[in-house]
Amino acid sequence: MRSQSLSPVACVGLFLILGTSTTIPSSTAFVTPSAVSSSVFQRGFENAWDTKFSMDGSTRQMTSSSTESEKELRREIADRNSKVENEEQYAILDGAGMGPIAQETPKSSDTDKIKAKEELFATEESEALQKKLDRLIKQRPYPLFLMEKAAEIVEDVVGDIFGDDTSTIKPTKREKVVVLGTGWGAAAFLKGIDTNMYDVTVISPRNYFVFTPMLAGASVGTVDFRSITEPVREINRKATYLEGTATEVDTVAKRLTCESVICDGNSCDIQEFSVEYDRLIVTIGAQTNTFGIPGVREYCNFLKQIEDARRIRTAIVNCFERATLPGMSDEERERNLTFAIIGAGPTGIEFAAELRDFVEQDGPKYYPNLLKHVRIKVIEASSTVLAPFDKSLQEEAIARMKRSVQVKDPDVLRLLPERFELVELLLESSVKEVTAKTIFLNNGLTIDYGLSVWAAGNGPLPLTLQLVEKLGEEQASEQNVARGRIVTDAWMRAKGSNGSIMALGDCSCTTKGPDGPLPATGQVAAQQGEFLAKLMNKGYDLSPTISKEGIMLPPVRQPDRVSSLSDNIANLVTGSDEYAKPFQFLNLGILAYTGGGSALAQVATAPNAEPIKGKGKIGNALWKSVYISKQVSWRNRFMVINDWLRRQIFGRDITRL
């Protein structure tokens with residue numbers, strides 16, 4: 001946060017927002033789930049579907065071990081729906097503007113004069129409307145915006161206790177809303193959407209939400225995998241959940257084609273099914289971007305899903321167990337125990353910090369003779385770490401990474417060489433190629449490694465690119481900014497979809513709105529999901545009306561609906577109670593764990609103001625309290641606290657199951 005002090009009212013407001021909002025103030029690059037896996041559908045479930053779902057039959061069958069064949073088929077679906085060839089093909093330049101349609105006019109001089117007057121009047125009307133819309137999407141002043149958010153919190157609490165009676169219209173037929181994904185945006189949307197108004201179906205290859213900021217801790221055993229996951233059926237018990245991967249969207253017929261793995265005894269196959277929708281919410285997130293570097297996808301581990309964390313956790317133990325085998329030279333042991341982390345953003349730094357904690361706290365108990373061979377190398381193409389943070393906090397992170405090794409057991413400490421460096425930062429070092437055992441850098445250096453983790457960027461999924469292409473020129477013309485993401489307006493409506501498709505989170509990009517393009521974080525996606533649920537619950541007409549001037553209008557309020565207090569506060573700035581207020585992002589700050597019970601905290605107080613900064617034990621206390629408060633359920637909060645206490649008493653579990 002900024003060095004300025006906050007007034008008591010502002011402090012209370014910020015505390016309320018931090019304590020009750022569904023957003024997560026973390027710098028970790030949170031992502032919504034991509035099409036990574038697809039689990040089992042029971043045969044009986046197929047017969048239970050109603051007419052809005054249809055099965056098309058099996059496309060492939062395997063009959064060996066049911067578990068193994070299921071994993072292979074899930075991997076097949078994931079691989080097929082995650083490959084993006086030639087990333088440059090979706091970096092579309094600005095499209096040519098479409099001029100007005102030429103019309104034939106009479107040659108009479110009087111008619112020309114009348115036409116000129118009409119065009120002038122139409123131009124003036126168009127300019128007036130455009131000015132009104134420009135004011136609507138202008139960023140709302142921060143003090144009023146904080147008041148608006150505080151009013152929303154009060155409205156939510158009152159609504160939970162007494163119910164929301166601000167709408168007098170009860171739909172005779174519920175609109176079919178299909179949500180793709182179970183990440184941050186989807187979870188926030190499902191928490192808030194009124195299933196009495198909408199028939200909600202969720203489609204995702206995973207049946208749970210994962211608290212992604214703690215994946216780094218889960219990958220070394222600080223917390224258990226199940227402690228940071230929540231079943232999607234528990235988030236909203238009235239929504240229908242279908243476990244599958246969406247492979248195609250028919251934007252004209254409003255129909256989805258999906259794939260799922262179905263097992264019957266020892267026989268598994270991939271089957272397609274289709275789902276129709278009235279409105280599609282696309283929140284499928286992004287996948288890891290390898291930048292086309294050879295060997296990254298084949299030999300590096302990623303850290304976006306529970307499966308990734310589980311794979312890394314097993315690989316870490318494998319590296320240590322392999323290094324204990326007799327007959328290995330010291331050079332071979334050092335290579336096996338070299339952990340290369342590519343990318344010094346929040347994900348890379350937090351994983352390096354968690355791995356260092358494991359080595360310093362649990363290594364002396366289990367592998368005392370191997371600690372002298374352990375090397376953690378953080379590779380970063382830029383000149384610093386944690387780019388979103390203030391420079392002083394970046395320097396603190398570098399100091400924490402380079403600090404001397406902290407081992408409490410004096411006998412183990414004596415086994416370490418003098419001036420032993422556990423972590424090495426390789427800044428301004430870009431990766432040229434990765435092989436099974438070696439990383440080649442562009443500066444000529446080579447790094448032999450036992451485990452490599454890639455944490456260096458995001459890229460679009462094939463389904464996102466497919467939608468961008470199908471939605472036409474309105475998407476293509478802004479891809480120089482969106483870079484493969486779905487372009488939306490300030491109300492989450494995908495341009496070119498006539499309001500039938502909404503997009504939020506990492507797969508979307510708002511080019512014109514109060515904030516402009518936003519970072520790909522869980523905090524942004526969660527706020528967008530919450531905003532969209534409230535917008536739909538209030539009954540706004542999301543299908544864009546095209547004015548006679550050819551301008552797409554914002555969502556329109558129902559005439560008989562009473563505006564809420566938060567809406568009235570927003571209307572003071574937007575100057576309109578006819579249209580819905582646009583989405584505006586509230587930056588709650590960023591956090592990053594740096595190891596050894598230390599963390600960084602940077603909390604914004606106002607745009608363009610000095611943030612309030614915390615580090616060390618204070619930063620760690622804030623980091624833990626925020627992460628606990630932002631868990632999606634009390635079950636998760638209890639389990640995470642229990643994991644922290646168990647680790648403090650008994651250490652991390654290195655069992656391989």
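In this text the structure is predicted, and so the values were computed from the model without any measurement.
By the 6.0 Å contact criterion, NZ on Lys238 is open, its count of non-hydrogen atoms from other residues, nucleotides or ligands being 12 or less. Few gaps surround CZ on Arg635; more than 12 heavy atoms of other groups in view lie less than 6.0 Å from it. Counting non-hydrogen atoms of other residues, nucleotides and ligands closer than 6.0 Å to CD1 of Ile618 gives a total of 12 or fewer.
Annotation: side chain of Leu190 is in contact with side chain of Val232 (closest heavy-atom distance under 4.5 Å). Looking at Phe585 and Thr510, their side chains never come closer than 4.5 Å, going by heavy atoms from C-beta outward. Residues Pro231 and Tyr241 fail the side-chain proximity criterion, which asks for heavy atoms closer than 4.5 Å. The closest side-chain heavy-atom distance from Tyr208 to Ile306 is below 4.5 Å. When side chains are defined from C-beta on, Val177 does not count as touching Ile193, because their heavy atoms never get closer than 4.5 Å. Side-chain contact check for Ile486 versus Val282: some heavy-atom pair is nearer than 4.5 Å. Arg656 places a side-chain heavy atom less than 4.5 Å from the side chain of Glu321. Contact check for Thr347 versus Phe351: no side-chain heavy atoms found under the 4.5 Å cut-off.
Annotation: cation-pi geometry not satisfied between Arg647 and Trp644 (NZ/CZ under 6.0 angstrom from ring centroid, within 45° of ring axis). Arg279 forms no cation-pi arrangement with Tyr198, by the criterion of a distance under 6.0 Å to the ring centre and an angle within 45° of the ring axis. Under a cutoff of 6.0 Å and an axis angle of 45°, Arg310 and Phe225 form a cation-pi pair.
Proximity of a side-chain donor or acceptor of Thr594 to a complementary backbone N or O of Ala397 within less than 3.5 Å is not detected. Within the 3.5 Å criterion, the main-chain N or O of Asp194 finds a donor-acceptor partner in the side chain of Asn537. Between the side chain of Gln602 and the main chain of Leu591, no donor-acceptor pair closer than 3.5 Å is present. Between the side chain of Gln527 and the backbone N or O of Leu586, at least one donor-acceptor pair lies under 3.5 Å. In this structure, the side chain of Glu350 engages the main chain of Tyr593 through a donor-acceptor pair within 3.5 Å.
Contact detail for Thr488 and Ala503: the closest heavy-atom pair is CG2-O, 3.6 Å. In plain terms, the two heavy atoms of Ala188 and Ala526 that are nearest each other are CB-O, 3.2 Å. A pairwise comparison of heavy atoms in Gln631 and Met214 identifies NE2-SD, 3.5 Å as the closest pair. Leu180 and Ala246 make their closest contact through CD2-CB, 3.9 Å (heavy atoms, listed as atom of the first residue, atom of the second, distance). When every heavy atom of Gly343 is checked against every heavy atom of Val378, the shortest pair comes out as O-CG1, 4.3 Å. For Ser564 against Glu155, the heavy-atom pair with the smallest separation is CB-OE2, 3.4 Å.
No salt bridge links Asp224 with Arg646; every basic N to acidic carboxylate O contact stays at or beyond 4.0 Å. Salt bridge status for Lys581 with Glu152: present, with a side-chain N to carboxylate O gap under 4.0 Å. A salt bridge is absent between Arg311 and Glu307; no separation between the charged side-chain nitrogens and carboxylate oxygens falls under 4.0 Å. Salt-bridge formation is detected for the pair Lys534/Asp156: a Lys NZ or Arg NE/NH1/NH2 atom is positioned less than 4.0 Å from an Asp or Glu carboxylate oxygen.
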Exercise for the section: Tell me, with the steps shown, if Thr222 and Arg652 meet side chain to side chain contact (heavy atoms under 4.5 Å, CB included). Expected result: CA-CA 6 Å; Thr222 304; Arg652 296 170 179 83; 3.1 Å; yes

Handout entry: Test side chain to side chain contact (heavy atoms under 4.5 Å, CB included) applied to Arg206 and Gln305, step by step
Key = CA-CA 10 Å; Arg206 72 182 194 198; Gln305 305 288 340; 2.5 Å; yes

Practice task
Report the C-alpha distance between Asn236 and Val200 in whole Å, list the side-chain angles of each, state the deciding distance to 0.1 Å, and finish with yes or no for side chain to side chain contact (heavy atoms under 4.5 Å, CB included).
Solution key: CA-CA 10 Å; Asn236 190 325; Val200 181; 5.9 Å; no

Exercise for the section: Could you go through the ring-ring contact (aromatic ring centres under 6.0 Å, His included) check for Phe189 and Trp184 one step at a time? Expected result: CA-CA 9 Å; Phe189 177 82; Trp184 288 98; over 10 Å; no

Exercise for the section: Tell me, with the steps shown, if Met492 and Leu535 meet side chain to side chain contact (heavy atoms under 4.5 Å, CB included). Expected result: CA-CA 10 Å; Met492 312 291 118; Leu535 191 67; over 6 Å; no

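From Asp199, atom CG reaches atom OH of Tyr277 across 15.5 Å, with rounding to the nearest 0.5 Å. The CG atom of Asn458 sits 6.5 Å away from the OG1 atom of Thr288 when rounded to the nearest 0.5 Å. With values rounded to the nearest 0.5 angstrom, Asp506 atom CG is found 12.0 Å from Gln287 atom CD. The distance from the CD1 atom of Ile203 to the OG1 atom of Thr182 is 11.5 Å, given to the nearest 0.5 Å. Rounding to the nearest 0.5 Å gives a distance of 11.0 Å between CD1 of Ile341 and CG of Asn301.
Relative ring orientation between Tyr367 and Phe320 is described as parallel, the plane-to-plane angle staying below 30° on a 0-90° scale split at 30° and 60°.
Between Ser227 and the choices Asn636, Asp643, Asn642, the side-chain hydrogen bond (donor to acceptor under 3.5 Å, both in side chains) rule is met once, by Asp643. Looking at Val359, Leu355, Ile376 one by one, the single match for side chain to side chain contact (heavy atoms under 4.5 Å, CB included) with Val423 turns out to be Ile376.
The distance between the ring centers of Phe531 and Trp491 does not fall below 6.0 angstrom.
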